[in-house]
Number of protein chains: 2
Amino acid sequence: MVTLADVAKHAGVSSSTVSYVLSGKRTISEETRRRVEQAVAELGYHPNARARALAARRSYIIALVVPLRPESHDPTTMEIATSVTIAARQYGYDVLLITNDEGPEGVRRVASSGLADGVILMDVEPDDQRIPVLRELGTQAALIGLPDEPGGLSSVDHDFAAAGGLCADHLADLGHREVAFISHPRHTAHALGGFRDRARRRGLRFVHRASEGTYGGVAGTFARILADRPDTTAFVVQNEGAIGPLLTLLRGSGRTVPEDASVIAVGPGRLADQHTPRLTVVSGPDQELGRVAVEQLLRRLTAAARGEQPVDEQVLLTPVLTVGESTGPKGWDGKS
Amino acid sequence: MVTLADVAKHAGVSSSTVSYVLSGKRTISEETRRRVEQAVAELGYHPNARARALAARRSYIIALVVPLRPESHDPTTMEIATSVTIAARQYGYDVLLITNDEGPEGVRRVASSGLADGVILMDVEPDDQRIPVLRELGTQAALIGLPDEPGGLSSVDHDFAAAGGLCADHLADLGHREVAFISHPRHTAHALGGFRDRARRRGLRFVHRASEGTYGGVAGTFARILADRPDTTAFVVQNEGAIGPLLTLLRGSGRTVPEDASVIAVGPGRLADQHTPRLTVVSGPDQELGRVAVEQLLRRLTAAARGEQPVDEQVLLTPVLTVGESTGPKGWDGKS
DNA sequence: TTGTACGCGTTATCAA
DNA sequence: TTGATAACGCGTACAA
């Protein structure tokens, strides 16, 4: 292995000079810089990350805690993990993958051992058990999702309230008056609040039902909705698995989309093309989530390295309404 | 930060003794072990991973190179990445995520800097450009996928030839005589060879067509197949995106599955439940892929650490045929 | 503009 | 069974 000392000897300078040439933290004469660079090239020197991490008290590694078990396959998670990794690389950081089956102790492990400089937590829940560990260790962190108590942390999430508002506005604009909101039974329907507020203001009547993302579950929910509110003409769905069944059920009940019933999905943009007809979707930028979290964390790290107090940031990313072919005016006959 | 020296002082022993108590590489008297362990507990000592990595010349980190861009969403990749991470943890290793957009230089970076002890490469192609880098640096590696030249490497992949054989056998058993094999245009149809051999032996006639995984692409392929071989009664599909369109086209042409046409998918097991009717699928164990790769790599690492020559292993994982409702006897009328 | 020398926290060799 | 002590390779305060 070629070391800094080897390079120094080869270039006829001291090892600290080589170090400074590489880090750029000192002004170096043109002559020595050239000699050092040549020595680096000739010897094929690569700085040793382990020694660097020890001496600099920084590993340039951030830990990403993902909510994954091997049998789950949520593409969004992977998208975010990838965007975190790519963003981190652009700032010279690498990403260590921690699966959440290690629990809060996984966070403690990477933070207290100094393996990672900071942590990004995905799928943060309101009373997340990993957060006390971060506080206890004083670990710098950025969260994807909203914590109960944001003190000492930065976080980023989709602005689901705005997403709900977009749904209500779009349907109201199209003349709908009776809407059903279908959510996931075990996830908070973050978009519901925003939807409710805007729906009220726009004079929309609506019911909210949580439903499993299975055909049977959606069938039951669908039947109840139609029994309670037979005049329902539009559906907002914040439950990826429920969309396919809902579309099938609408067809099965003789309703054409969007002529007889409109459907909006709240979720990843890719949903649009996975169904027929192409869906109207309200989606947030998943990749931005990763990038913003990385930038938040790195700002905290540089602040802490300077002895400053890191700034707590809470960012909400604005969602976008993409109009597809699953929404149309109430009572639309297909001929505009 | 609590260091080894702090613990040593607190316990009234030398720091090397503490180190040996923790590593278990020396026999320690019951008395001192107790004192040291108590000191560790009282001070809340956590070994420093950076210093350990430098002194031990091992980081206990393996790099996983994933073929991911932020907009791609292949659940299989994530499944493998997760299983690699979990398997690695069981052996005391952590996983560094490297995206393939760094190219071969990403491999060079983590290996030559000593950041990682070894590398796992996903989606290895026959003439993969990352492999020369591994050879040049003498980096220990395990590959998921089959390299052209396996010398100095370990690798694991699905036994696609066996998968093809299972398809041919299943269809032949059901009495089919004319089969179409639909593959992906830009991926090697690894299952084709095995399918061909077994098809010949079983007296199956078949055509092979590559097709895009789009509705339009599959429609063209489908039409050509029926034009060339109107008596085709079964389809083997090794192209995830082509399955949905194919099923739709079969229905559209008045064919009922499986009464008039049988369909087998070669791919991830989860495909079975994503279609109607539930698919007959030949799939390999994706999670095993990750686990085996980790174990191969760690065997190489321990061998190399002992100064021994690591053993090159090539493992093929046996696929399984799961019979669903998309295959049936040729000319089946639905009433058995 | 450059060099010296110490420290980072462990591991591992050599003695005792 | 235990203790000194020299690496490990780099960063940086201090000195020149």
Side-chain angles (χ1 to χ4, degrees), chain A residues 1-37 39-40 43-61 92 110-117 305-307, chain B residues 1-37 39-40 43-61 92 110-117 305-307:
Chain A
M1 163 177 268
V2 184
T3 73
L4 206 67
D6 297 331
V7 175
K9 208 172 300 169
H10 194 87
V13 298
S14 79
S15 56
S16 72
T17 298
V18 177
S19 176
Y20 283 118
V21 168
L22 265 45
S23 70
K25 291 186 178 176
R26 232 188 206 180
T27 46
I28 303 284
S29 74
E30 198 44 53
E31 166 64 7
T32 45
R33 145 160 296 120
R34 206 190 43 69
R35 295 235 306 281
V36 168
E37 281 169 352
V40 165
L43 299 180
Y45 167 75
H46 292 276
N48 183 298
R50 298 166 189 177
R52 188 205 290 278
L54 179 59
R57 294 176 178 74
R58 280 199 165 205
S59 63
Y60 293 93
I61 290 176
V110 293
S112 64
S113 69
L115 232 190
D117 295 335
R306 289 183 190 146
Chain B
M1 162 177 268
V2 183
T3 73
L4 206 67
D6 296 332
V7 175
K9 207 172 299 170
H10 194 87
V13 298
S14 79
S15 56
S16 68
T17 298
V18 177
S19 176
Y20 282 117
V21 168
L22 265 44
S23 69
K25 292 185 178 176
R26 229 186 209 182
T27 46
I28 302 283
S29 74
E30 197 45 54
E31 164 64 8
T32 47
R33 145 161 297 122
R34 206 189 44 68
R35 294 234 307 280
V36 167
E37 281 168 352
V40 165
L43 299 180
Y45 167 74
H46 292 275
N48 183 298
R50 299 166 190 176
R52 188 206 289 280
L54 178 59
R57 296 178 179 73
R58 279 200 166 204
S59 63
Y60 292 93
I61 290 176
V110 294
S112 63
S113 70
L115 232 189
D117 295 335
R306 289 183 190 143

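Order of the sequence lines sets the chain letters (A, B, ...), proteins ahead of strands, with each chain counted from 1. Computation of the quantities below employed the complete heavy-atom set of this structure, encompassing side-chain atoms and omitting hydrogens, waters and symmetry-equivalent molecules.
- Taking every heavy atom of residues 44-51 of chain A and every atom of DNA chain D, pairs under 4.0 Å involve Tyr45(A), Pro47(A), Asn48(A), Ala51(A), by number.
- The minimum heavy-atom distance linking Val13(A) with Val36(A) is given by the pair CG2-CG2, 4.0 Å.
- The closest side-chain heavy-atom distance from Asn48(B) to Thr3(B) is not below 4.5 Å.
- Pairs engaging residues 43-53 of chain B under the salt bridge (Lys or Arg N to Asp or Glu O under 4.0 Å) rule: Asp117(A)-Arg50(B) [sequence neighbours left out].
- Regarding Leu4(A), its CG atom lies at a distance of 14 Å from the P atom of dC8(D), rounded to whole Å.
- Among the heavy atoms of the strands, none lies under 4.0 Å from Ser15(A).
- Put simply, CD on Glu31(B) is 14 Å from P on dT1(D), counting in whole angstrom units.
- Both Thr32(A) and Arg52(B) lie close to DNA chain C; mapped to their nearest nucleotides by heavy-atom distance, the more 5′-ward contact belongs to Thr32(A).
- Side-chain atoms of Ser59(B) never come within 3.5 Å of backbone atoms of Ala53(B) as a donor-acceptor pair (strictly under, hydrogens ignored).
- Phosphate proximity of dG3(D) to Ser14(B): present, with a side-chain N or O under 4.0 Å from OP1 or OP2.
- Between the CG atom of Leu115(B) and the C1' atom of dC10(D) there is a distance of 14 Å, rounded to whole Å.
- When every heavy atom of Ala11(A) is checked against every heavy atom of Arg35(A), the shortest pair comes out as O-NH2, 2.9 Å.
- The pair Arg34(B)-Glu30(B) does not meet the salt-bridge criterion, since no charged nitrogen lies less than 4.0 angstrom from a carboxylate oxygen.
- Listed here is the closest heavy atom pair of Leu4(B) and Tyr45(B): CD1-OH, 3.3 Å.
- When the C1' atoms of four end pairs are superposed on the next four at each end of the helix from dT1(C)-dA16(D) to dA16(C)-dT1(D), using five pairs per end, the two resulting axes differ in direction by 40°, to 10°.
- Here the straight-line distance linking atom CG of Leu115(A) with atom CD1 of Ile61(B) works out to 5.0 Å at 0.5 Å rounding.
- Listed by residue number, Ser16(B), Ser19(B), Tyr20(B), Lys25(B), Arg26(B) are the residues of residues 16-29 of chain B with a heavy-atom contact under 4.0 Å to DNA chain C.
- Taking a heavy-atom distance under 4.0 Å as the criterion, the stretch of DNA chain C touched by chain A extends 5' to 3' from dT1(C) to dG9(C).
- At the heavy-atom level, Leu54(A) lies under 4.0 Å from base atoms of the strands shown.
- For the pair Val7(A) and Val2(A), the tightest heavy-atom approach, listed with the atom from each and the gap, is CG2-CG1, 4.2 Å.
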Without placing hydrogens or testing angles, list every side-chain donor-acceptor pair under 3.5 Å for residues 17-26 of chain B, not counting sequence neighbours.
residue	atom	partner	partner atom	Å
Thr17(B)	OG1	Ser14(B)	OG	3.2
Ser23(B)	OG	Ser19(B)	O	3.2
Ser23(B)	OG	Lys25(B)	N	3.3

